[in-house]
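All of these numbers come straight from a predicted model, not from anything done at the bench.
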Amino acid sequence: MLALLSVQDPTESALAWMHTHAAADAALVAGRLDEARAGFEHCRELEPQNATIAYALACVAARSGDLDRAFAALDDARNLGFRDAALAEWDADLESLKHDSRWPLFTSARDTTNELTQLPVFPWITTSATKDWDFTAFAEVSVPGECVIVGDSLGRVRRLNLRTGEWVCDYEPVNGPVWRIATHPGAAEFAVLTTRAQLSFFRCDESAPFARGLAFPEVYSGPWIYPFWSYLEYSPDGIRVATRSTKRGAGVWSSRGEKLYDLEPTGMEPSCVDLAWSADGTSIALRKGRELTLYDSTSGEILDRLMTPSDILCARFDPTGARLATGHADSTVRLWDACTFAPIGSFKVPDDPVFREVRTVNSLAFTLDGARLAYAACEAVYLGVLDARTGARVFECDGFDGHWCEPVGLLVDHDASSILYSPGCGGWIQGTRVGKFERFPSMQGNTPRVNRSGLVAFSSGDGVVCFDVERRVIRWTRSLPNSVAVPQAGSGHFGVVPRTISTLWVVRGYSGDEREPLVTHATSLFDPKRVRASLDGVELELWR
């Protein structure tokens, strides 16, 4: 058999191994232990140094009541590089071992030497052998938390089920690359803005838009436009939609697709586009230099103006309507009473110690209860969290990579103890937790807005990722375009044998040069059990 495999096509070898593994796993789930053991033993003959198979044989032995053999197999798995202690704790197949005195020795024995320099990278499985940097995608989760709307640079718009990642429907293509997507806060509707200035309004259950219009008098050329150069968002009450484009003006529309009025131009620089809806949707704020102007959202009339000590780069109202936050060019975050504009507190970000530059605060995000405020400042990304009632510092982190002066996408969990961020140009997603760097799977795309479902979606040219913010695990991934669907765990393992494995590639990191044929990694990445555990919320070790 081994001699035959040595001359067998690599794709055929990988498929044979995966089919055998899948059949053995199905037998284990069904309780056919002799069949499962035989299948996994055959996999070990084909791949003797595979830690996943050693672990699977431990599961079979534990289910059979042979504890000594099970612990011996776990030792083999650990020596071969198995590090998923969380998987073992979750695994009901190992239940008979968990009251044995040897169990803590296995779950605690992990090599943490050089942990910081040997970071794993989440592997995408994609259909493209080369990276096409002209292809981008944008995803937005519906506010009720039921679906994901995805648009791409080819003008295609699609809907996915948020819980399962299954493709639900395609919509009529829009005119130009999708630039922004906004979902209605209470209804199954959404709006799409393209780089050619087309604004389209859709109902989720209808393929054709119910309204279309021209958002701006001028359009852009080129398929890849930075998301922070534009703004598209429904008011919190869902009655209106605001649009804005760098140096192209700002306007307010009804949610029925009717243009209501334009806001006065600001002439701000490209990296500082921002509008802010009040918590009740009755007003909208637009900044210009040191001044923030508050407009009546029904008529567009000016209600009030706030003068500040420094140029305003971003502004946000908290979801409760009590406070307003502004980020400034003088490195300061300022908090105001949202009704009276009376100052509540402020916090000054320290200068960059390497470049000795004043850091501009250009990104803000409140928690859903309005109790805490996350901010980001550049040059190198500096992240922090403030108590929104007093302006007191909760924690801060320094020294992250980022593009100079570009706004940073921010996403916080319920108490802002965990923050996701992405560079403004729409690159990789990174994170921090309770004041220290946290290693998330490598996810590309724009940081989404907060959603009460706890699930958000990232999208890039490689595919769509659904991420559980509270548990900090990947729930599912989907390739774009929809030619192959391969369920992947938060560790990057996949659990379905793909029919077209010879056309699939593993992507590691952020560069298109880091692509390798999936067939060369099939025996290390294929594991249906890890996929089941990941979907059950287990925080798996990343692929090593």
Is the Tyr171 ring parallel, tilted or perpendicular to the Phe190 ring (thresholds 30°, 60°)? perpendicular
When every non-hydrogen atom of Pro517 is compared with those of Trp505, the smallest separation belongs to N-CE3, 3.6 Å
With Arg163 via salt bridge (Lys or Arg N to Asp or Glu O under 4.0 Å) - residues at least two apart: none
Whether the Thr367 and Asp369 side chains hold a donor-acceptor pair (N or O, under 3.5 Å, no angle test) is what I'd like checked. yes
Report the distance from atom NZ of Lys529 to atom OG of Ser534, rounding to the nearest 0.5 Å. 14.5 Å
Can you see which heavy atom on Pro209 is nearest to which on Ser200, and at what distance? CB-CB, 4.3 Å
Between the side chain of Asp152 and the main-chain N/O of Gly155, is any donor-acceptor distance below 3.5 Å? yes
Any donor-acceptor N or O pair under 3.5 Å, side chains Arg69, Ser64: no
So how far is it from His414 NE2 to Arg372 CZ, rounded to the nearest 0.5 Å? 9.0 Å
Tightest non-hydrogen contact, residues Pro319 and Gly370, listed as CD-CA, 4.0 Å
In this structure, CG of Leu525 is separated from OG1 of Thr52 (nearest 0.5 Å) by 9.0 Å
Calculate, to the nearest 0.5 Å, the distance between atoms CZ and OG1 belonging to Arg44 and Thr20 respectively. 14.5 Å
Give the minimum heavy-atom separation between Ala457 and Val148, together with the two atoms involved. CB-CG1, 3.7 Å
Please tell me if the side chains of Arg158 and Asp170 come closer than 4.5 Å, counting only heavy atoms from C-beta onward. yes
Do Met18 and His21 have side-chain heavy atoms sitting under 4.5 Å apart? no
Does Asn175 offer a backbone N or O that forms a donor-acceptor pair with the side chain of Thr194 under 3.5 Å? yes
Minimum heavy-atom separation for Ala374 and Leu410, please, with both atom names. O-CD1, 3.9 Å
Could you grab the distance from atom CG of Leu28 to atom CG of Asp93, nearest 0.5 Å is fine? 4.5 Å
Looking at side-chain heavy atoms only, is the closest gap between Arg102 and Leu74 below 4.5 Å? no
About how many Å separate OG of Ser524 and CG of Asn50, when rounded to the nearest 0.5 Å? 7.5 Å
Taking the six-membered ring where the residue is Trp, are the ring centres of Phe526 and Phe494 under 6.0 Å apart? yes
Any heavy-atom pair between the side chains of Arg180 and Phe138 that's under 4.5 Å? yes
Closest non-hydrogen contact found for Gly151 with Ile181 is N-CD1, 3.5 Å
Using side-chain heavy atoms (C-beta onward) and a distance below 4.5 Å, is Trp179 in contact with Gln198? no
Any donor-acceptor pair under 3.5 Å from Arg159 side chain to Cys147 backbone: no
Is there a donor-acceptor pair closer than 3.5 Å between any side-chain N or O of Thr183 and the backbone N or O of Val141? yes
Could you check whether Tyr55 and Asp527, counting side-chain N and O atoms only, form a donor-acceptor pair closer than 3.5 Å? no
Side chain to side chain donor-acceptor pair (under 3.5 Å) filter on Arg203, not counting sequence neighbours, yields none
Ala62 backbone acceptor or donor facing Ser96 side chain under 3.5 Å: yes
Pairwise side-chain contact, Thr520 with Pro10, heavy-atom cut-off 4.5 Å (strictly under): no
Candidate pair Val174 and Val157, rule side-chain contact (heavy atoms from CB on, under 4.5 Å), full reasoning: CA-CA 8 Å; Val174 293; Val157 181; 4.2 Å; yes
Residue that, paired with Trp17, satisfies side chain to side chain contact (heavy atoms under 4.5 Å, CB included) out of Glu47, Glu12, His42: Glu47
What do the steps show when you test Ser142 against Ile149 for side-chain contact (heavy atoms from CB on, under 4.5 Å), and what is the final call? CA-CA 7 Å; Ser142 65; Ile149 307 298; 5.9 Å; no
Partner residues of Glu89 under the salt bridge (Lys or Arg N to Asp or Glu O under 4.0 Å) criterion, sequence neighbours left out: none
